[in-house]
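In what follows, every chain begins at residue 1, and chains take the letters A, B, ... in the order their sequences are listed.
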Protein chains: 2
Amino acid sequence: MADLTKLLRAQGEDPLAIDTSATPGVEASGKKAGSRELSEGVDALAELQERLFAASRGGQSERRVLLVLQAMDTAGKGGIVRHVIGAVDPQGIDHVAFKAPTEEEKAHDFLWRIEKRLPGPGMIGVFDRSHYEDVLIHRVRHLSTPEEIERRYGAIVDFERGLVDSGTVLVKVMLHISKDEQRERLAERLDRPEKHWKYNPGDVDERLLWDDYMEAYRIAIRRTDGPATPWYVIPGDHKWYARLAVQHLLLAALREIDPQWPPADYDVEVEKARLAAS
Amino acid sequence: MADLTKLLRAQGEDPLAIDTSATPGVEASGKKAGSRELSEGVDALAELQERLFAASRGGQSERRVLLVLQAMDTAGKGGIVRHVIGAVDPQGIDHVAFKAPTEEEKAHDFLWRIEKRLPGPGMIGVFDRSHYEDVLIHRVRHLSTPEEIERRYGAIVDFERGLVDSGTVLVKVMLHISKDEQRERLAERLDRPEKHWKYNPGDVDERLLWDDYMEAYRIAIRRTDGPATPWYVIPGDHKWYARLAVQHLLLAALREIDPQWPPADYDVEVEKARLAAS
């Protein structure tokens, strides 16, 4: 597979100018081949995750990964969590789904609730929605003033720089689907009674503001992308592709850390003797 | 498969009086067959979990599951989480590994940190260690007075009754291995450099108190078992069996709840028209 950290890296004036139905850098074609390729990455991901976790024990390493998932409704965040994150040992995953903020959370700065849920050393944190909602829906729905939103871009840059400085590898993903693809996926939810709970009328309200959201994403990505705080825009019309791409980006993040099994901090032979005598 | 909720239910004066190498109620024999049978339960567990999650949306149901895992070191809690819980959508799992309490936690009642980590409606909570440590290691190591430990059995009974009353199905599991099996598993950790991080000399210190721990388990189980707060003692020498058994108990808990897809709280036809026009 080609290096997706390069191919999918957000760039230029319009970071969303990528065909949402494309499958760049991947030889597999179609759901079946994609799913097979995904399963081929599972063992490598599992071993790297366990090494990351092990390396953090005893306070020996502060390294950790934070995957930020942002997308319009139905873009496939849930499937990424189920199929990519779900293949990793739950003990090494810190998954947080950020919903509309509570009254208590609203009374604090927008980063307050985010800071409380950051992954600890050795963990892979997954933010299903994130602090970016505070410059996306807030911009589109005028929930904050333009000045406050302006301030937030800067606050996010400072905040994320702090995360990187303290050992976090950040992977920020925007799952990018077309407006037509979203219509099809919402229609499917309405067609199937066991999917009705996943739909709510507000989804169409948001959809009517599609262009405003795309513009809010463009600005947020341009303002907060940096060499150590990279954004990736992943074409999402093909779910199998988006899953492969996220797995690939996670593998790359873990390989960048290159975590090692920590050496014993005790005398192995002494312990073997103690154990045998016990 | 036989009904393991009956076969494995803790009972009598000595709830640990079960052969740790037994495989009651299961036809499969051996790692391979056990693993195949485990994978056969995955789809049922996934669907029930999704139904449980769906049923809780919109505040329509308070039902949830809490799996409490207790065991001596190396008994296989980690494998249960990886292989049984790991097969479920991470979005529906709330996994908490309780470590030695922090200074802040010690300054509060022992249930304070537990209450903060209870699963929300629709979730499957997994406690890897739990409030039972406060009557197990505390009893064995005299970390609390006998009077305080006595008080805690009652506090736990009240606490768990409250959980059940508010919609939680409790599944309390003691993974039970033999002292010899533990020696073998610890020896394996000492033999393999990539496992060294999992071992610490304190493991043998605890092992030397094996009989005291078994007695503490017997008392804790007898004092806190009830029809709605059941303890299960699972023979753990065969890892494949313990995994199958926990999956079976989780399936039974979910079937007891019997969660249903919630009906739409909107007009489906109206929404189809709105969507088509958007």
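With a threshold of 4.5 angstrom between heavy atoms, A:A276 approaches chain B through N, CA, C or O but not through any side-chain atom. In this structure, chain B has no heavy atom under 4.5 Å from any part of A:D203. Neither the backbone nor the side chain of B:A97 comes within less than 4.5 Å of any heavy atom of chain A. With a 4.5 Å cut-off on non-hydrogen atoms, A:L190 touches chain B through its backbone and its side chain both. Of the atoms belonging to A:D180, not a single heavy atom falls under 4.5 Å from chain B. Only the side chain of B:R57 comes within less than 4.5 Å of a heavy atom in chain A; its backbone stays farther off. Interface remark: A:R207 contributes side-chain atoms only to the contact with chain B (heavy atom separation under 4.5 Å). Only the side chain of B:L208 has a heavy atom closer than 4.5 Å to any heavy atom of chain A. In this structure, chain B has heavy atoms under 4.5 Å from both the backbone and the side chain of A:R82.
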* To do: Could you check A:Y132 against A:Y217 for ring pair (Phe, Tyr, Trp, His ring centres under 6.0 Å), going step by step and ending with a plain yes or no?
  => CA-CA 9 Å; A:Y132 284 98; A:Y217 268 106; 8.7 Å; no

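Contact between B:L66 and B:V126 at its shortest, heavy atoms only, is CD1-N, 4.3 Å.
Interface summary for chain A: among B:G86, B:P193, B:P262, B:P201, the most heavy-atom pairs under 4.5 angstrom belong to B:P201. By number of non-hydrogen pairs under 4.5 angstrom with chain B, the leading residue of A:D89, A:D128, A:V268, A:V96 is A:D89. Ranked by heavy-atom pairs shorter than 4.5 Å toward chain B, the options A:H95, A:R51, A:E194 are led by A:E194.
Ring geometry for A:H108 versus A:W112: interplanar angle under 30°, hence parallel rather than tilted (30 to 60°). Taking the six-membered ring where tryptophan is involved, the planes of B:W197 and A:F53 are perpendicular, since the angle between them exceeds 60° and thus also 30°.
Taken to the nearest 0.5 Å, the CD1 atom of B:I93 stands 13.0 Å off from the CD1 atom of A:I93.
When each of B:L52, B:L254, B:T168, B:D258 is checked for a side chain to side chain contact (heavy atoms under 4.5 Å, CB included) with B:R63, only B:L52 meets the rule.
Using modelled atom types and a 3.5 Å distance limit, the side chains of B:Q247 and B:E37 yield no donor-acceptor pair. For B:S130 and B:Q70, the side-chain atoms include at least one donor-acceptor pair closer than 3.5 Å.
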